[in-house]
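Numbered from 1 within each chain, the chains take letters A, B, ... in sequence-line order.
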Amino acid sequence: MTPLLRLVVVIVRAWTDCYTWRMDPDVRAARIAQIESDLWEELRERSSEGMRLPLSIVARLVLGIPDDLAWRTTHDLIFEGSVKRSAAFGAIVSVVTLIAAIVVWVGIVMAPAKLPEPPSMMLFSAAPGPPPPPPPPPPHRPPPPPCQPPAFTAGCR
Amino acid sequence: MPAVRRKPGVLLPLEITICACAAELRASGIEEFYGYQLAKLVGDRQRTRLLTAYGTLYRALDRLQSMGLLTSRWEAPEIPAQENRPGRRLYALTGAADAAIDEAERAARARPRVRPRPKLARA
């Protein structure tokens, strides 16, 4: 069982314990046993579905909260005649459970993406070195002057 | 805001679906069923992957039982002990359920359908 699945199962069990708190022990035990059996069957049958399973369990939990509270309230009205206690208690617990379910949901959806690892230094040193620089060009030599006859000097015949 | 009260004896659509699924199981030779088994069947019937919520399903089953349409019992403890799993609460349709399903379906058919309002012509 993955840690997320384990957390989701804990939340379902905690919610069931909460909304059956201070009920008749037999009724409470029966409801807890029903939910436990349902959870077990679903985990056994759908364990290969990956992320869909915890999302399905959270959805089944959250969508059933109003009916859980209505069941508890009806039960209290019939057997114990106490409405205010059920309503206030149920409202507080449902808000807490809803927040927990939202945290789990956001944790699943907003899981941080894995950043790519930086390239190792070995890759740079193993790369081929830069090409050698080109040889310098030969120095520029001015062209030799054209051939000139010797200059006549005075007194020469 | 006053709470909406249901007329006693009136079945909700989910409760009708539950009874219909239970009747299907009975027709296929499965007299008793448990909660998760029923949730799967309801999901298949409604063509959805999301199963009925825990609170919704078990509240509906309790209500059907209080109306006399279902009976329930816990399976013998040695069976789940042998299979190393939690015990199941097994439900079965009563004779009154067939008549109730027929009545509910007849009432649904007799309910006047709401006509869609005609769309106004564009100017």
Per-residue contact mode, A39(B) against chain A (heavy atom under 4.5 angstrom): side chain

Heavy-atom proximity to chain B below 4.5 Å, by part of W40(A): side chain

Toward chain A, the part of L61(B) with a non-hydrogen atom under 4.5 Å: neither

Carboxylate-amine/guanidinium contact K40(B) E41(A), below 4.0 Å: no

ILVMFWY network linking M23(A) to Y19(A), side-chain heavy atoms under 4.5 angstrom: yes

Between CG on residue L63(A) and CG on residue L57(B), distance to nearest 0.5 Å: 13.0 Å

Linked, directly or transitively: V62(A) and M51(A) (ILVMFWY side chains, under 4.5 Å): yes

CZ on R88(B) to CG on D38(A), rounded to 0.5 Å: 11.0 Å

Lys/Arg N to Asp/Glu carboxylate O, R31(A) vs D62(B), below 4.0 Å: yes

Y36(B) side chain near Q34(A) side chain, heavy-atom distance below 4.5 Å: no

Which portion of R85(B) sits near chain A, non-hydrogen atoms under 4.5 angstrom: both

Cluster check L64(B), V27(A): I/L/V/M/F/W/Y, side chain < 4.5 angstrom: yes

L14(B) reachable from Y34(B) in the ILVMFWY side-chain graph, under 4.5 Å edges: no

Chain A contact via L51(B) - side chain, backbone, both or neither, heavy atoms under 4.5 Å: both

Spacing of R59(B) atom CZ and L69(A) atom CG [to the nearest 0.5 Å]: 10.0 Å

Residue pair E36(A) / P86(B): nearest heavy atoms and the distance that separates them: O-CG, 4.1 Å

Beyond-backbone contact of Y54(B) with I57(A), side-chain heavy atoms, under 4.5 angstrom: yes

Same apolar cluster: V12(A) and I32(A), side chain cutoff 4.5 Å: no

Option in A70(A), S56(A), S37(A) with maximal non-hydrogen atom pairs under 4.5 Å from chain B: S37(A)

Heavy-atom neighbours of E83(B) CD exceed 12 at 6.0 Å: yes

